[in-house]
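Encoded as structure tokens, the structure appears first; notes follow it.
Proteins come first, then strands; the chains are lettered A, B, ... in the order of their sequence lines, and each starts at number 1.
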There are 2 protein chains.
Amino acid sequence: MIGRLNHVAIAVPDLEAASTTYRQMLGAKVSEPVPQPDHGVTTVFVELPNTKIELLHPLGEGSPIAKFLQRNPDGGMHHVCYEVDDILQARDRLKEEGARVLGDGEPKIGAHGKPVLFLHPKDLHGTLVEIEQV
Amino acid sequence: MIGRLNHVAIAVPDLEAASTTYRQMLGAKVSEPVPQPDHGVTTVFVELPNTKIELLHPLGEGSPIAKFLQRNPDGGMHHVCYEVDDILQARDRLKEEGARVLGDGEPKIGAHGKPVLFLHPKDLHGTLVEIEQV
């Protein structure tokens, strides 16, 4: 069911420093910061030949990654995102198989303008998983 | 400098349960477990169209992921691996840019039979990074 790995999201305490590291130290193609007020994060995209890394930093009050950075002050890998063809079909299969869908279970429009859902990390062996319809 | 995302490594407390989750719940193509005694892990490969997920479980005494699982008993994302064309050139550039290379700084033969190095997570904003020459 799951398709491509759309991205790996990495939360960082200093977005500018992290951008410099990925651009300068790792020699990757790095976007400018993109504020995403609807998602409570500012995002920097690191383009790799086969997928991307998304650097996340909290934006505004109640950011969904604020607590994660409190627990991981150096930053760290926050979630992985897999592509699916049909998010409602995927959600129903996941629920049948015992995964808990976060929030009210209805897809939201994600940072790429596509419908997304998040699955409870406890049901995925400690990994927060996002699915995105592409 | 960095090329493709070769894999995302996820440490799990129960390899059989995790294999079942990725096969059954997520509908992915999942390999049989591959014991890697030289690396202190047993690995299951989850094949995605553009990259792979490696599920890791400790094997034998002094596994490099044993402490991680003590700190993260549910499991969690352990490292990301980027491909490079020339690992010695990459290492020298990374060191010049201030990254600490783990171990004695000499590439080891990794789980895919290729030379690899690991970089200190503190220098990569909390993310353990492996580089692999392909």
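- Hydrophobic clustering (side-chain heavy atoms under 4.5 Å, transitive across Ile, Leu, Val, Met, Phe, Trp, Tyr) keeps A:L128 apart from B:L5.
- Counting heavy atoms from C-beta on, the side chains of A:V80 and B:M77 come closer than 4.5 Å.
- Of all heavy-atom pairs spanning B:R93 and A:R23, the tightest one is NH2-O, 4.1 Å.
- Residues B:M25 and A:E97 approach most closely at CE-O, 3.3 Å, considering heavy atoms.
- Atom CG of A:L124 sits about 8.5 Å away from atom CD1 of B:I10, to the nearest 0.5 Å.
- Residue B:Q89 qualifies as open at atom CD: its count of foreign heavy atoms under 6.0 Å is 12 or below.
- Counting only heavy atoms from C-beta outward, the side chains of A:L94 and B:L26 approach each other to under 4.5 Å.
- B:V44 and B:Y22 fall within a single hydrophobic cluster, where Ile, Leu, Val, Met, Phe, Trp and Tyr side chains are chained together by heavy-atom contacts under 4.5 Å.
- The side-chain heavy atoms of A:T21 and B:H125, taken from C-beta on, include a pair separated by under 4.5 Å.
- Listed options A:E83, A:H79, A:K29 were ranked by heavy-atom pairs under 4.5 angstrom with chain B; first place goes to A:H79.
- The number of heavy atoms from other shown groups lying within 6.0 Å of NZ (A:K108) is above 12.
- Contacts of A:L55 with chain B are absent, with no heavy-atom separation under 4.5 Å from either backbone or side chain.
- For B:A11, the part lying under 4.5 angstrom from a heavy atom of chain A is the backbone only.
- Both the backbone and the side chain of B:I2 have a heavy atom closer than 4.5 Å to some heavy atom of chain A.
- At a 4.5 Å heavy-atom cutoff, B:K52 makes no contact with chain A through either its backbone or its side chain.
- Within a 6.0 Å radius of CG in A:D85, no more than 12 heavy atoms belonging to other residues, nucleotides or ligands are found.
- B:I65 and B:L119 fall into different hydrophobic clusters, defined by Ile, Leu, Val, Met, Phe, Trp and Tyr side-chain heavy atoms under 4.5 Å apart, directly or through other members.
- Residue A:E106 qualifies as enclosed at atom CD: its count of foreign heavy atoms under 6.0 Å is above 12.
- Among A:G75, A:P73, A:P121, A:A90, the residue making the largest number of heavy-atom pairs under 4.5 Å with chain B is A:G75.
- With hydrophobic clusters built from ILVMFWY side chains whose heavy atoms lie under 4.5 angstrom apart, B:M1 shares a cluster with A:V8.
- By the criterion of side-chain heavy atoms lying less than 4.5 angstrom apart, applied directly or through intervening Ile, Leu, Val, Met, Phe, Trp or Tyr residues, B:L88 is grouped together with B:L117 in one hydrophobic cluster.
- Using a 4.5 Å cut-off between heavy atoms, B:I53 contacts chain A through its side chain alone, with no backbone atom that close.
- B:N50 pairs in a side-chain contact (heavy atoms from CB on, under 4.5 Å) with only one of the listed residues (A:T51, A:L48, A:N6), which is A:T51.
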